[in-house]
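Comments concern the structure below.
Below, chains carry the letters A, B, ... as their sequence lines are ordered, and counting in each starts from 1. Atom set for the values below is all heavy atoms of this structure, side chains included, hydrogens, waters and symmetry mates excluded. A quick note: this is a predicted structure, and the numbers were derived from the prediction, not measured.
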2 protein chains.
Amino acid sequence: MAEAQPTLSSDDATRRIRRAAVRLFHERGYHGTPVRALAQMLRMEAGSLYYHFPSKQQILVDVLEGTLEELLQGLQEAVAAARGPRAQLVAAVRFHVLFHTRRREEAFVSGSELRSLLPAHRRAITARRDRYERVFRDLLRRGVEAGVFTVSDVKVAAMAILTMGTGVASWFWEGGRLGPEAVADQYAEMILRMVQSARKGRRP
Amino acid sequence: MAEAQPTLSSDDATRRIRRAAVRLFHERGYHGTPVRALAQMLRMEAGSLYYHFPSKQQILVDVLEGTLEELLQGLQEAVAAARGPRAQLVAAVRFHVLFHTRRREEAFVSGSELRSLLPAHRRAITARRDRYERVFRDLLRRGVEAGVFTVSDVKVAAMAILTMGTGVASWFWEGGRLGPEAVADQYAEMILRMVQSARKGRRP
DNA sequence: GTCTATAACTAGATAGAC
DNA sequence: GTCTATCTAGTTATAGAC
């Protein structure tokens with residue numbers, strides 16, 4: 001009976017709407033996307049959308065909540081499955097980058113349209129994003145304490161790593177030379193070199 | 001008689017308008033900013049703006065052209081003033097990061113509102129951004145050829161470096177613990193570690 | 001569950017007074 | 001150079017037929 005999906009209702013229609021909204025919000029932005037354009041992409045009239053959603057704003061809220069929830073949960077699982085700061089950082093970076101290639105539109109929208117949320121909605125979303133960032137900071141801090149990592153400033157390094165990965169959503173191209181796995185591997189390698197203590201745990 | 005400013009006319013009024021537009025486009029996005037809101041911030045009526053600009057779109061074009069031009073020129077000067085791939089990369093990264101802290105709103109808008117440009121305008125702006133990116137790619141390539149840098153893929157590394165720096169505009173806070181110089185130094189250090197060949201040119 | 005029609009409002013832009 | 005007034009078109013959202 002009950003499906004795996006926890007928070008959001010997800011009948012076929014609402015999922016189609018969310019997917020189309022992601023596409024258009026990514027292409028033109030939330031305020032740059034009229035409800036009519038969204039309806040047109042779904043081959044319906046604008047009025048029909050309001051049977052499924054009470055407002056355009058609520059579509060955005062659903063998209064962001066869903067994406068941030070998936071990001072946070074996926075990151076926690078990835079980190080929990082690895083042992084030691086080095087392996088955990090690799091797992092975290094790989095997850096972060098893979099998400100930003102495979103789900104680049106959602107990821108991009110979740111980063112860029114926070115400002116389009118009404119203040120009440122923004123709080124909940126921002127809280128989740130902060131928890132996501134803290135996972136990276138904690139992970140770096142533990143690595144520094146263990147002597148595996150060397151960074152001048154944990155917070156700056158965490159933001160550098162996060163935005164570097166987030167940026168993938170802005171340049172990655174699905175049909176390009178490199179696939180998600182190749183990019184994720186290279187990012188993990190670069191980031192390891194960036195934070196790793198000299199002559200510690202190098203691979204040939 | 002003629003001033004240093006090359007392309008854009010810059011009497012006091014148009015500069016005030018551009019500054020206010022940057023603020024609002026950053027806060028709410030181009031499509032999320034009504035002309036009336038811009039006028040209100042400048043304590044004038046909406047109609048008055050059209051004495052200085054023919055359209056809202058043209059304000060955006062002016063902002064982006066000006067910012068991208070400054071970015072490109074500043075980067076070229078910074079690189080030209082340094083000798084050798086290592087020093088040039090440090091100079092480039094420092095310039096890039098400093099710009100994204102000191103001019104964070106402009107820099108952010110220039111990255112996020114390309115999609116709000118009419119296609120005709122977009123071409124010119126995109127061309128300049130591509131030239132900016134190429135400076136980093138060339139610089140990395142020369143370093144690899146000289147054996148100073150080791151990267152798996154020059155294009156990926158260049159995008160990683162660029163988006164890492166661009167990301168600074170999204171988290172840097174003017175009144176924060178670290179100033180622009182401190183952040184720029186840390187980024188330069190992290191990025192050097194990221195691309196530098198092992199046991200080459202290290203500083204203590 | 002989707003349509004048509006429309007209400008209520010806001011958008012960008014213009015005209016002409018001062 | 002700025003104001004007031006206004007035009008036209010587009011915006012989100014609702015109501016009621018089917």
Side-chain angles (χ1 to χ4, degrees), chain A residues 3 8-64 109 113-122, chain B residues 3 8-65 109 112-122:
Chain A
E3 295 192 0
L8 305 166
S9 74
S10 327
D11 49 280
D12 201 56
T14 59
R15 264 191 286 112
R16 278 183 65 229
I17 295 172
R18 275 206 294 267
R19 263 216 312 271
V22 164
R23 275 275 269 288
L24 288 173
F25 293 169
H26 175 254
E27 233 169 73
R28 326 189 191 174
Y30 174 75
H31 288 295
T33 304
V35 172
R36 280 170 172 85
L38 180 54
Q40 192 183 24
M41 169 169 274
L42 294 160
R43 286 191 232 256
M44 35 165 79
E45 294 305 313
S48 310
L49 283 170
Y50 288 87
Y51 174 81
H52 302 282
F53 284 91
S55 67
K56 181 185 167 187
Q57 172 81 197
Q58 192 57 48
I59 301 178
L60 179 62
V61 170
D62 272 28
V63 166
L64 297 200
V109 169
E113 294 296 353
L114 273 177
R115 64 186 172 188
S116 304
L117 290 171
L118 301 176
H121 297 130
R122 186 146 67 210
Chain B
E3 294 193 2
L8 306 167
S9 74
S10 327
D11 50 280
D12 201 56
T14 59
R15 266 191 285 111
R16 276 184 66 228
I17 294 171
R18 275 206 295 268
R19 263 215 314 269
V22 164
R23 275 275 269 288
L24 288 174
F25 293 169
H26 174 256
E27 233 169 73
R28 327 190 191 173
Y30 174 75
H31 288 297
T33 304
V35 171
R36 283 170 171 84
L38 179 55
Q40 191 182 24
M41 168 169 274
L42 294 160
R43 286 190 232 258
M44 35 165 78
E45 294 306 312
S48 309
L49 283 170
Y50 288 85
Y51 175 80
H52 302 281
F53 284 91
S55 67
K56 181 185 168 187
Q57 172 81 198
Q58 193 56 47
I59 301 177
L60 178 63
V61 171
D62 273 27
V63 166
L64 298 200
E65 273 186 352
V109 170
S112 59
E113 296 296 353
L114 274 176
R115 64 184 172 189
S116 304
L117 290 170
L118 301 176
H121 298 131
R122 186 146 67 211

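Checking each of D62(B), V61(B), L60(B) against F53(B) for a side-chain contact (heavy atoms from CB on, under 4.5 Å) leaves exactly one that passes, namely D62(B).
At distances below 3.5 Å, at least one donor-acceptor pair connects side-chain atoms of Q57(A) with backbone N or O atoms of L118(A). A side-chain donor-acceptor contact under 3.5 Å links R115(A) to the backbone of H26(B). In this structure, K56(B) contributes its side chain and Y30(B) its backbone to a donor-acceptor pair below 3.5 Å.
Atoms CG (D12(A)) and C1' (dT2(C)) sit 15 Å apart, rounded to a whole Å. The CE atom of M44(A) sits 19 Å away from the P atom of dA5(C) (whole-angstrom rounding). Spacing between atom CD of Q57(A) and atom P of dT11(D) amounts to 17 Å, rounded to whole angstrom units. If you take CZ of R43(B) and P of dC3(D), they are 12 Å apart, rounded to a whole angstrom. We find that CD of E45(A) is positioned 13 Å from C1' of dG1(C), with the value rounded to whole Å. One atom, OH of Y50(A), and another, C1' of dC3(C), lie 16 Å apart when rounded to the nearest Å. Between L42(B) atom CG and dC3(D) atom C1' the separation is 15 Å, expressed in whole Å. Rounded to an integer number of Å, the gap from CZ of F53(B) to P of dG1(D) is 13 Å.
Scanning residues 33-41 of chain B for heavy-atom distances under 4.0 Å to DNA chain D yields R36(B).
Between dT2(D) and H52(B), a contact under 4.0 Å exists linking OP1 or OP2 to a side-chain N or O. Regarding contacts with the backbone of dG1(C), every side-chain N or O of S48(A) stays at 4.0 angstrom or more from both OP1 and OP2. In this structure, Y51(A) reaches the dG1(C) phosphate: one of its side-chain N or O atoms is under 4.0 Å from OP1 or OP2.
In terms of heavy atoms, T33(B) sits closest to L24(B) at OG1-O, 3.3 Å. Contact detail for V35(B) and A46(B): the closest heavy-atom pair is CG1-CB, 4.2 Å.
Side-chain contact annotation: S48(A) with E45(A), donor-acceptor N/O pair under 3.5 Å absent.
Two residues, P54(A) and A13(B), neighbour DNA chain D, and the one matched to the more 5' nucleotide by heavy-atom proximity is A13(B).
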